[in-house]
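All of these numbers come straight from a predicted model, not from anything done at the bench.
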Amino acid sequence: DTASAGHHDGSSTGWAHHGITVSSTGEVITFSEDEPTVQFLDSDWRITHSWNAPVTAGHGLRAVMGPREERLWIADNGDVAVRRSQGQYAYEPAEGETLHGSVVELTLDGEEVRRIGPPPHPAYLSGSFCPTDMVIDETRLGGSGDIWIADGYGQNLVHRFDQHGHYLATISGETGAGLFIEPHALHIDRRSVTPELWVADRGNSRIQVFDLNGMFLRAVGSGRLVSPSGFVGFGTYLVVAELDARLTILDDKDQVVTTIGEQHRPDRGRPGWPNRHDRNGLPIRPDMESGKFNTPHGIAVDLQGNLLVTEWLIGGRITMLSPF
């Protein structure tokens, strides 16, 4: 039931291309690329505090409880979006930066703990490392502490590091359903006895599932998914944020239970999508409709069981869907 929904619209005219997560105390943590800052929101959508982040972009965010304290992990793809004509944004290195992004672990006060850059893999002898997401096999849940990183905007690879940040292995999809194209998001699914690594293989409109040693298990959603971009567990279900204006809900048998939002996007190919452009051809915020998604990107669940969805567009938007 999605009858109860709230919206948080960004007043910024800047690009929004970020994730969302929820701390153990219930604070909603999100990101503004304008400054850039990490922002903490209360239950009334008020920004309670923020701090400058030592990253270019907060594409993927994840609050993780460590052995002593909670930490915030950020997947920084290393790019900034620059306005161009015909309603388009082009991605370029920030001033003085390269296209090599990183995954950064920070305290909730903004102190950098460690930074993981490109692994010693041949793809990075000349290619960019632009991570879009990460997931930690949390020890408090019986996991190994391994860190999985998706290089979704760089070399289309998923890398495994141990809990100390030492590189272990890489998966490309080649020994699975096929080479990844834009592996955008990661999730460790613990709904069954044996946890699994889920990879949103967005460019191939499917999910690839692996065990936690990187061995391929199966493909999910081929022919049903369009643009899987993010995951969150929701009881016995898994909710998939799809860039094409909808959420897709899967049961524990990998079957689509329902979708929330548009089934087809007639405006998908419009100039400037996901935005629109003004009379001078510069991209501007699209017309937004309450109760309809534009481009779901990041997704989380708060402590009350509400779904929180960020969208990829100028100014950004967070939508809350309540099951009650």
In Å and rounded to the nearest 0.5 Å, what is the [atom1] to [atom2] distance from [X] to [Y]?
X    : Y    : atom1 : atom2 : value
W45  : T30  : CH2   : OG1   : 9.0 Å
S144 : D137 : OG    : CG    : 4.0 Å
L72  : E105 : CG    : CD    : 9.5 Å
T258 : I249 : OG1   : CD1   : 6.0 Å
S102 : I116 : OG    : CD1   : 9.0 Å
L108 : I29  : CG    : CD1   : 5.5 Å

Is the backbone of [Y] close enough, under 3.5 Å, to the side chain of [X] for a donor and an acceptor to pair up by distance?
X    : Y    : answer
H184 : S229 : yes
E242 : V226 : yes
D76  : T56  : yes
S50  : Q39  : no
T310 : G298 : yes
R206 : D201 : no
T107 : D109 : yes
Q208 : A177 : yes
N280 : L282 : no
N275 : I314 : yes

Does a donor on one side chain and an acceptor on the other come within less than 3.5 Å for [X] and [Y]?
X    : Y    : result
S227 : R202 : no
T194 : S192 : no
S24  : E70  : yes
S322 : N306 : yes

Inset, instruction - Could you walk me through whether D302 and M320 pass side-chain contact (heavy atoms from CB on, under 4.5 Å), step by step? - result: CA-CA 9 Å; D302 69 14; M320 180 176 75; 4.3 Å; yes

Could you check if a side-chain atom of [X] sits within less than 4.5 angstrom of a side-chain atom of [Y], using non-hydrogen atoms only?
X    : Y    : answer
L243 : P296 : no
V103 : W73  : yes
I171 : F210 : yes
F293 : L247 : yes
L41  : E27  : no
V55  : F31  : yes
Y167 : H121 : yes
P54  : R115 : yes

Minimum heavy-atom separation for [X] to [Y], with atom names?
X    : Y    : answer
A185 : G230 : CB-CA, 3.8 Å
P286 : P274 : CG-O, 3.5 Å
A150 : P183 : CB-O, 3.3 Å
C130 : D151 : N-OD1, 2.8 Å
R317 : N294 : NH2-N, 3.9 Å

Inset, instruction - Carefully, step by step, assess V22 and L308 under the rule side-chain contact (heavy atoms from CB on, under 4.5 Å). - result: CA-CA 9 Å; V22 178; L308 309 175; 3.9 Å; yes

If hydrophobic clusters are built by linking Ile, Leu, Val, Met, Phe, Trp and Tyr wherever their side-chain heavy atoms come under 4.5 Å apart, do [X] and [Y] end up in the same one?
X    : Y    : value
L61  : V38  : yes
I47  : V28  : yes
V135 : F216 : yes
F161 : L157 : yes
I149 : V104 : no

Indicate yes or no: does [X] engage [Y] in a salt bridge with an N to O separation below 4.0 Å.
X    : Y    : answer
R114 : E112 : no
D251 : K253 : no
K292 : D287 : no
E138 : R62  : no
D252 : R191 : no

Which word best sums up how the rings of [X] and [Y] line up, parallel for under 30°, tilted for 30 to 60°, or perpendicular for over 60°?
X    : Y    : value
H166 : H164 : tilted
Y124 : F129 : perpendicular
Y153 : H59  : perpendicular

Legend entry - Step-by-step side-chain hydrogen bond (donor to acceptor under 3.5 Å, both in side chains) determination, D42 to T48: CA-CA 7 Å; D42 64 18; T48 58; over 6 Å; no

Inset, instruction - Answer yes if the ring centres of H297 and H17 are under 6.0 angstrom apart, and no otherwise. - result: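 Judged by ring-centre distance (under 6.0 Å), H297 and H17 do meet the cut-off.
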
Is it true that, when you exclude [X] itself, more than 12 heavy atoms of the residues, nucleotides or ligands shown sit nearer than 6.0 Å to its [atom1]?
X    : atom1 : result
R190 : CZ    : yes
Y237 : OH    : no
E111 : CD    : no

Inset, instruction - For the pair W273 and T295, evaluate side-chain contact (heavy atoms from CB on, under 4.5 Å) and give the outcome as yes or no after the intermediate values. - result: CA-CA 10 Å; W273 184 89; T295 36; 3.4 Å; yes

Legend entry - Derivation and outcome, side-chain contact (heavy atoms from CB on, under 4.5 Å), residues L179 and N156: CA-CA 8 Å; L179 290 171; N156 298 306; over 6 Å; no

Inset, instruction - Starting from L225, walk the hydrophobic network (Ile, Leu, Val, Met, Phe, Trp, Tyr; side-chain heavy atoms closer than 4.5 Å) and list everyone else you reach, by chain and number. - result: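 For the cluster that includes L225, the remaining residues are W198, I207, V209, L217, V220, F231, L238, V240, L250, V256.
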
